[in-house]
Amino acid sequence: MFVGDSISLNQWQSLTCLLYTAVYGSNVTQKSDASNSAVIFQDYGVSVIYFPSHYLVDIQMEEFGRVLKLNSLKNGDTWKQVDVLIFNTWLWWYRRGPKQPWDYVEDDGIILEDMDRMVAFHKALILGRNGSKQKWIITKPKCSFEECPLHTTSKLDSCMIINKN
């Protein structure tokens with residue numbers, strides 16, 4: 001499953017085209033709903049899914065403004081049964097001012113005006129990989145990859161993780 005923005009969409013489209021060409025003539029279907037798109041290679045039992053999400057976690061409107069909720073994944077059940085997760089979302093995390101789509105950050109129930117973006121990104125990735133303890137836990141993915149901003153090599157372990165179960 002590719003999770004992210006247009007970069008993930010392009011990667012998903014490229015991979016599905018390559019696979020389709022490699023198995024030309026086999027039974028392939030496409031399915032889309034409000035939360036994701038999938039190409040299903042039925043003869044092989046393989047689905048390649050694209051889940052559009054700029055931040056992985058939710059942004060919700062509250063009485064006092066838009067809140068980036070680091071402990072909320074409303075569509076997290078979508079990721080439960082996938083074998084490989086590919087997150088590409090860092091590009092959106094460092095935006096500030098009018099390009100930033102939230103006014104506050106909520107971290108473990110505490111509302112903040114802002115916080116270190118790498119720390120926030122890391123928390124979203126951990127939630128995305130491990131799941132919310134209250135709602136669900138991802139147990140199946142064999143491997144996940146998260147893009148890493150090049151200028152943060154000192155924090156490489158917090159943003160580029162190959163996780164093999």
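If you're wondering where the values come from, they're calculated on a predicted model, not measured in any experiment.
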Legend entry - Spacing of CD belonging to Gln100 relative to CG belonging to Leu68, to within rounding of 0.5 Å: 8.5 Å
Inset, instruction - Identify which one of Met115, Glu113, Glu62 satisfies the side-chain contact (heavy atoms from CB on, under 4.5 Å) criterion when paired with Tyr104. - result: Glu113
Inset, instruction - Start with the C-alpha gap between Arg96 and Asp114, add the side-chain angles, then the distance that decides, and say whether side-chain contact (heavy atoms from CB on, under 4.5 Å) holds. - result: CA-CA 10 Å; Arg96 296 184 187 279; Asp114 203 1; 2.6 Å; yes
Legend entry - Partner of Phe2 under side-chain contact (heavy atoms from CB on, under 4.5 Å), chosen from Leu9, Val84, Val48: Val48
Inset, instruction - Please name the pair of heavy atoms, one in Val3 and one in Ser8, separated by the smallest distance, quoted to 0.1 Å. - result: O-OG, 3.2 Å
Legend entry - Heavy-atom closest contact (Val57 atom, Ala124 atom, distance): CG1-CB, 3.8 Å
Inset, instruction - Please check if the side chain of Asn71 supplies one atom and the backbone of Asp108 the other of a donor-acceptor pair under 3.5 Å. - result: yes
Inset, instruction - Working to the nearest 0.5 Å, report the span between CH2 of Trp102 and CZ of Arg95. - result: 10.0 Å
Legend entry - Gap between atom CH2 of Trp93 and atom CZ of Arg117 - 0.5 Å precision: 8.5 Å
Inset, instruction - Supply the atom-to-atom distance Asn10 CG to Asp5 CG, rounded to the nearest 0.5 angstrom. - result: 9.0 Å
Inset, instruction - Considering non-hydrogen atoms only, spot the tightest contact between Pro52 and Ser35 and give its length. - result: CD-O, 3.3 Å
Legend entry - Spacing of Glu106 atom CD and Leu70 atom CG [to the nearest 0.5 Å]: 8.5 Å
Legend entry - Same apolar cluster: Trp12 and Val28, side chain cutoff 4.5 Å: yes
Inset, instruction - Report yes or no: do Leu112 and Leu56 belong to one cluster of Ile/Leu/Val/Met/Phe/Trp/Tyr joined by side chain heavy-atom distances under 4.5 Å? - result: yes
Inset, instruction - Determine which pairs satisfy side chain to side chain donor-acceptor pair (under 3.5 Å) with at least one residue from residues 42-51, sequence neighbours left out, and list them in order. - result: Asn27-Gln42, Thr29-Gln42
Legend entry - Inter-residue atom distance Asp116.CG - His122.NE2, 0.5 Å rounding: 11.5 Å
Legend entry - Leu18-Val23 co-clustered via ILVMFWY side chain contacts under 4.5 Å: no
Legend entry - Ile111 with Ile59, same ILVMFWY side-chain cluster at under 4.5 Å: no
Inset, instruction - Following the transitive rule for hydrophobic clusters with a side-chain heavy-atom cut-off under 4.5 Å over Ile, Leu, Val, Met, Phe, Trp and Tyr, establish whether Ile110 and Phe121 coincide in one cluster. - result: yes
Inset, instruction - Taking atom OH of Tyr24 as the centre, report whether more than 12 heavy atoms of other residues, nucleotides or ligands fall under 6.0 Å from it. - result: no
